[in-house]
S.K.: 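Can you keep this structure in mind? I'll have questions shortly.
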There are 2 protein chains.
Amino acid sequence: MTIDRNPSLTEQVMAHLKDRIRRGGFPEGRIPPETELAADLGVSRTTVRDALSRLEHEGVVVRRQGSGTYVNRPVLQVKSRLEEIWSYEQMLLDHGYTPSVRVLTVEPGTATDDDAEALEIAPGAELLVIEKLFIEDDRPAVLTRNRIPACLVDGTPSATQGRAPIYEFLEDRCGRRLAYYLSDIVPVALEGRVAEALDAPPGTPALCFEETGYDTAGSPIVKASSWFRDDLVRFRLMRRKSGG
Amino acid sequence: MTIDRNPSLTEQVMAHLKDRIRRGGFPEGRIPPETELAADLGVSRTTVRDALSRLEHEGVVVRRQGSGTYVNRPVLQVKSRLEEIWSYEQMLLDHGYTPSVRVLTVEPGTATDDDAEALEIAPGAELLVIEKLFIEDDRPAVLTRNRIPACLVDGTPSATQGRAPIYEFLEDRCGRRLAYYLSDIVPVALEGRVAEALDAPPGTPALCFEETGYDTAGSPIVKASSWFRDDLVRFRLMRRKSGG
DNA sequence: CAGTGGTCTAGACCACTTT
DNA sequence: AAGTGGTCTAGACCACTGA
């Protein structure tokens, strides 16, 4: 038998367990002891524990010392994990939608003081502004507005190139890998062109993400604002005492 | 030298590193190699790695394979991590406030259909309803409304007992340990008695958490709604591609 | 190619839950 | 008392980065 190490053993164990959980392969919701899993799968207990830790962190299972490891039924309600949203297209797919993307604008702009501070550039510096609308079945669900320092962008992109997910754009056209976002969650009342684009009456309560994206070196490379139609996109989150 | 194992070695290493980061003990933001840390601290590399993994998950450090481990400066802006909020009093303390708590009501109520579904009880069943207001310097910041199935509650609590954090109340008066919440993040316009209690003009955009709390066995034990004054409490979050 | 983090092993002992 | 997850060790080898 060949041992394939990519994906890693830990990831293979995770996938195996997730699959078995999905198929209802653990009656009573009880997962076998770690030592048993290790023996069955032919890996060390450490590897099994690593996989279970990560599944616990995702909320898929719960571990109780001295008792056992159990499937966490309530968490199956969570469609997409807020901390792991990476592409709004993917998020809508997770919600069971079949979204389409419309690029509204790909055009130059100038940095406001806020932009400049977040992106660590000079106020008034040139930006590339990309606005996109994510549409589910004729109903606009998400509007995003990305601002990228012009000095990072290689050439002048076309609308077609703006269609790609922003992390892909940053990688292909700017040579930077997006590592993470810091996001403020802001409640707003939709107004003006945002309300119009989202086809919602002015004054509709909505969530807005105000966020800055950083590359692997910890430098800011993109500032984004996103507005969500609450009736189409609902964020759900697991909160817990501390990290395991 | 005595080796104290509580808190665990891993937690001690985490605390040590966090402290050193806070004091600016890593010029250039570069953290020493894992093997070096292990030797210096007299623990195994596994323990160091465990600590670093957890710090990375909290966003405190970034690891780059083949390169090194680095302090993650931007994340120092995050005051309280959304996924780990456990007590609103503590959250306000993290924001730099000195909050006080006012218990508005501790009284019986009956379950709506929504309550009943979330709490897995019969519609119309008896509840204990606790409303609390968290106040920062005369300005109300958070209003919470907790609903607990009456059958779980031991006796009829006084307002004084309602003052404790809800997880403490559940542990002391119901004998259940709160393990985690599933929370919906809902944008609203403040109206009626909620607006009044929060001393905000009707129509003010605000965030509302609609959440269900579960015990260690995965059974729902409390349903909570919380409203926040956006000008006093701002939620910030780190979003990232996947769990490490 | 030297140095770093990433993965994995086998085994020891501890703390807690359950019977 | 038996069984479970929790912590920790020492050591091996791999994958990637950067000079």
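Residue numbers start from 1 in every chain, and the chains themselves are labelled A, B, ... in the order their sequence lines are given, proteins ahead of strands. Basis for what follows: all heavy atoms, side chains included, without hydrogens, waters or symmetry-related copies.
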S.K.: Reading nucleotides 14-19 of chain C 5' to 3', which nucleotides get B (base under 4.0 Å from a protein heavy atom), which S (sugar-phosphate only), which -?
M.R.: -BBBS-
S.K.: Listed by chain and number, what are the side chain to side chain contact (heavy atoms under 4.5 Å, CB included) partners of A:S225, not counting sequence neighbours?
M.R.: A:R147, A:E210, A:W227
S.K.: Among D:dG5, D:dT7, C:dT4, which nucleotide has an atom closest to any side-chain atom of B:P33?
M.R.: C:dT4
S.K.: Using a strict cut-off of less than 4.0 Å between a Lys/Arg side-chain nitrogen and an Asp/Glu carboxylate oxygen, indicate whether A:K223 and A:E211 qualify as a salt bridge.
M.R.: no
S.K.: So B:T10, base contact, sugar-phosphate only, or nothing? Heavy-atom distance under 4.0 Å.
M.R.: sugar-phosphate
S.K.: Report the residue (A:E11 or B:G68) whose heavy-atom-nearest nucleotide on DNA chain C is the more 5′ of the two.
M.R.: B:G68
S.K.: Using the salt bridge (charged side-chain N to carboxylate O under 4.0 Å, His left out) rule, collect all pairs that involve residues 37-46 of chain A, keeping only residues at least two apart or in two chains.
M.R.: A:E34-A:R45
S.K.: How would you list, by chain and number, every residue that makes a side chain to side chain contact (heavy atoms under 4.5 Å, CB included) with A:E120, sequence neighbours excluded?
M.R.: A:P220
S.K.: Nearest-Å distance, CE (B:M14) to P (D:dC8)?
M.R.: 12 Å
S.K.: Side chains of B:T212 and B:Y181: do they bring a donor and an acceptor to under 3.5 Å?
M.R.: no
S.K.: Mind calculating the distance between CD (B:E34) and P (D:dT9) to the nearest angstrom?
M.R.: 14 Å
S.K.: Return the CG to CG distance between B:L128 and B:N146, rounded to the nearest 0.5 Å.
M.R.: 9.5 Å
S.K.: Between A:Y180 and A:Y214, how do the two ring planes meet: parallel, tilted or perpendicular, split at 30° and 60°?
M.R.: parallel
S.K.: Got a sec? Which of residues 36-49 of chain B come in under 4.0 Å of DNA chain C, heavy atoms?
M.R.: B:R45, B:R49
S.K.: Please name all residues satisfying side chain to side chain contact (heavy atoms under 4.5 Å, CB included) with B:P165, sequence neighbours left out, ordered by chain then number.
M.R.: B:Y167, B:E168
S.K.: Rounded to whole angstroms, how far apart are CG on A:D50 and P on C:dT7?
M.R.: 8 Å
S.K.: What's A:T69 touching, base or sugar-phosphate or nothing? Going by heavy atoms closer than 4.0 Å.
M.R.: sugar-phosphate
